[in-house]
Protein chains: 2
Amino acid sequence: MTIGTLAKMAGMHVETIRYYQRRGLVALPEKPYGGIRRYDENALARLHFIRSAQWLGFSLEEVGELLKLEDGTHCDETRALAEHKLEDVRRKIVGLKQMESTLDDLVERCRCSTDPQNCPIIHSLHTDLHQDRRSCANNNRDQLDARTDTQP
Amino acid sequence: MTIGTLAKMAGMHVETIRYYQRRGLVALPEKPYGGIRRYDENALARLHFIRSAQWLGFSLEEVGELLKLEDGTHCDETRALAEHKLEDVRRKIVGLKQMESTLDDLVERCRCSTDPQNCPIIHSLHTDLHQDRRSCANNNRDQLDARTDTQP
DNA sequence: GTTGAGTCTGTAGTCAGGTACGGAAGTAAG
DNA sequence: CTTACTTCCGTACCTGACTACAGACTCAAC
């Protein structure tokens, strides 16, 4: 099949596949002289593999590591990657739960507030919440990490 | 105080403050002719406010919205923003918990596996996991969103 | 009065994971 | 055989939240 068909079957854009090729996650099949590259079931399987790994939270870099272990004979190393990712995910959950409970509390206080001139949320943002928040830098993802990382 | 002192007190870099100024989140105080800008407690308070809001998961764009409501007299709008963010956060938690349980299960199966030539994790990535994963595009953050978003 | 640190301003680079585009060449349908 | 779609390839752009740097200027200490 052509790259367009492959993309359709994998449910992704042609450009995404090309991007994976550039990153070395997907092989670039031989091109017949002055012709067009053709892809087989293996290429599709690989795209599925990548998608699945991403779905579990692995970055493309990590997917690359997993692909090196793709033959299934390095169970320990694979498990180590998965365990590490599991810790990652759990750390993020802890961070998000902190957000959740604080937000929930704030919203609740806001609902019960009788003074419409002094919103409890704004008040908290001005007074309580900024203690020891120095390390919540970068973007949302890293923010979560930073909130819970042991080594900065 | 100068911007360097302000940065130190807020626990952030000078460049970050300048970035916030460019984004219109922090005011640029008047500069005396051929002199240097000075900042006061209000500037510091604003930086704390921004940090706190970020800690709750608000993006800088959303922080901008919150800052418009900073006088505390628009309790309903503020609460609406917080409720929306709370939903956001809960959606992300749901996504992460899916990852967590799948990873946990995979790691467990890997530990109990007796066939070191056929790693259950790799096997799953090849066969099970890629059903209906079409919408887990973009980066990790959006991936989480996509997994749980109702409106794509 | 000179040295070194801090400030100002503008612009460019970083990361991840793509997305978009332009121009040339190949391919499929009528 | 023409028209319209794909493919190929390289490069540039996108988001978000910074981070870095160059060159000119100012300020405080010695």
Side-chain angles (χ1 to χ4, degrees), chain A residues 1-26 28-39 43 47 50-51 53-55 57-64 88 133-147 152, chain B residues 1-26 28-39 43 47 50-51 53-55 57-65 88 133-147:
Chain A
M1 56 190 140
T2 67
I3 198 170
T5 313
L6 179 64
K8 225 159 261 161
M9 297 197 68
M12 47 179 81
H13 298 298
V14 169
E15 301 303 333
T16 305
I17 296 172
R18 290 201 204 285
Y19 173 66
Y20 292 163
Q21 290 175 332
R22 286 199 299 278
R23 293 205 49 153
L25 299 175
V26 168
L28 200 57
E30 284 304 306
K31 190 171 81 162
Y33 298 107
I36 262 178
R37 297 181 206 281
R38 301 285 167 170
Y39 297 82
L47 293 177
I50 294 170
R51 262 279 193 271
Q54 278 189 306
W55 189 79
F58 290 101
S59 68
L60 290 184
E61 173 117 33
E62 292 162 334
V63 172
D88 253 30
R133 300 287 179 265
R134 343 227 93 164
S135 58
C136 81
N138 297 332
N139 57 26
N140 258 331
R141 183 165 39 79
D142 294 345
Q143 199 184 114
L144 291 175
D145 292 352
R147 177 118 35 114
Chain B
M1 56 189 139
T2 67
I3 197 170
T5 313
L6 179 64
K8 226 158 262 162
M9 296 197 69
M12 46 180 82
H13 298 297
V14 168
E15 300 303 334
T16 305
I17 296 173
R18 290 201 203 287
Y19 172 67
Y20 291 165
Q21 289 175 332
R22 285 198 299 277
R23 293 203 50 151
L25 299 176
V26 168
L28 200 57
E30 284 305 306
K31 191 170 82 163
Y33 297 107
I36 265 180
R37 298 181 207 281
R38 301 284 165 168
Y39 298 82
L47 293 177
I50 294 171
R51 263 280 192 270
Q54 279 189 306
W55 189 78
F58 291 101
S59 68
L60 289 184
E61 173 117 35
E62 292 162 335
V63 173
E65 297 300 305
D88 253 29
R133 298 288 179 266
R134 342 228 93 165
S135 57
C136 82
N138 297 333
N139 57 26
N140 258 331
R141 183 167 39 80
D142 294 345
Q143 200 183 116
L144 290 176
D145 293 351
R147 178 119 34 115

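Below, read A as the first sequence line, B as the second, and so on, with proteins coming before strands; counting in each chain starts at 1. What you see is a predicted model; the values in this text were computed from it and never measured.
- Side-chain contact between B/S59 and B/E65 is absent, with no heavy-atom pair separated by less than 4.5 Å.
- At D/dA17, none of the side-chain N or O atoms of B/Y20 fall inside 4.0 Å of OP1 or OP2 (strictly under the cut-off).
- You'll find the side chain of B/R51 reaches within 4.5 Å of the side chain of B/M12, heavy atoms only.
- Distances shorter than 4.0 Å separate none of the side-chain N or O atoms of A/K31 from OP1 or OP2 on D/dT7.
- When side chains are defined from C-beta on, A/I3 counts as touching A/Y39, because their heavy atoms get closer than 4.5 Å.
- The side chain of A/T16 contributes no N or O atom lying less than 4.0 Å from OP1 or OP2 of C/dG17.
- Distances shown here put a side-chain N or O of A/Q54 below 4.0 Å from the OP1 or OP2 atom of C/dG18.
- Here C/dT7 presents its P atom at 21 Å from OH of B/Y19, a figure rounded to the nearest Å.
- Remark: B/R18 is not in phosphate contact with C/dT9, judged by side-chain N or O atoms under 4.0 Å from OP1 or OP2.
- One interatomic measurement links the two molecules: NE2 of B/H13 to P of C/dT14, which rounds to 18 Å at whole-angstrom precision.
- A heavy-atom distance below 4.5 Å is not found between the side chains of A/L25 and A/Q21.
- In this structure, A/L28 atom CG and D/dT7 atom P are separated by 14 Å, rounded to whole Å.
- Side chain of B/I3, nearest nucleotide from C/dG18, C/dT19, C/dC8: C/dC8.
- Counting heavy atoms from C-beta on, the side chains of B/Y19 and B/R23 come closer than 4.5 Å.
- Atoms CD1 (B/I17) and P (C/dT9) sit 15 Å apart, rounded to a whole Å.
- Among D/dC18, D/dT6, D/dC8, the nucleotide with an atom closest to any side-chain atom of A/R37 is D/dC8.
- For the pair A/L60/A/Y20, a side-chain contact is recorded, criterion being any heavy-atom separation below 4.5 Å from C-beta on.
- From B/I17, atom CD1 reaches atom CG of B/L6 across 4.0 Å, with rounding to the nearest 0.5 Å.
- In this structure, CD of A/Q21 is placed 17 Å from P of C/dG17, rounded to the nearest angstrom.
- Side chain of B/L60, nearest nucleotide from C/dT19, C/dG17, D/dC18: D/dC18.
- Phosphate contact (OP1/OP2 of C/dT7, side-chain N/O of B/T2, threshold under 4.0 Å): present.
- Counting heavy atoms from C-beta outward, A/L47 and A/T16 have side chains that stay 4.5 Å or more apart.
- Protein atom CD of B/E61 is 7 Å distant from nucleotide atom P of D/dG16, rounded to whole Å.
- Rounded to an integer number of Å, the gap from CD of A/E15 to C1' of D/dC13 is 13 Å.
- Along DNA chain C, the nucleotide nearest to B/V14 and the one nearest to B/R22 differ in position, and the one closer to the 5' end is contacted by B/V14.
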Nucleotide by nucleotide, nucleotides 23-30 of chain D touches protein heavy atoms under 4.0 Å in the pattern (B base, S sugar-phosphate only, - none) ---SS---

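- If you measure from atom CG of B/L6 to atom C1' of C/dG6, you get 14 Å, rounded to the nearest angstrom.
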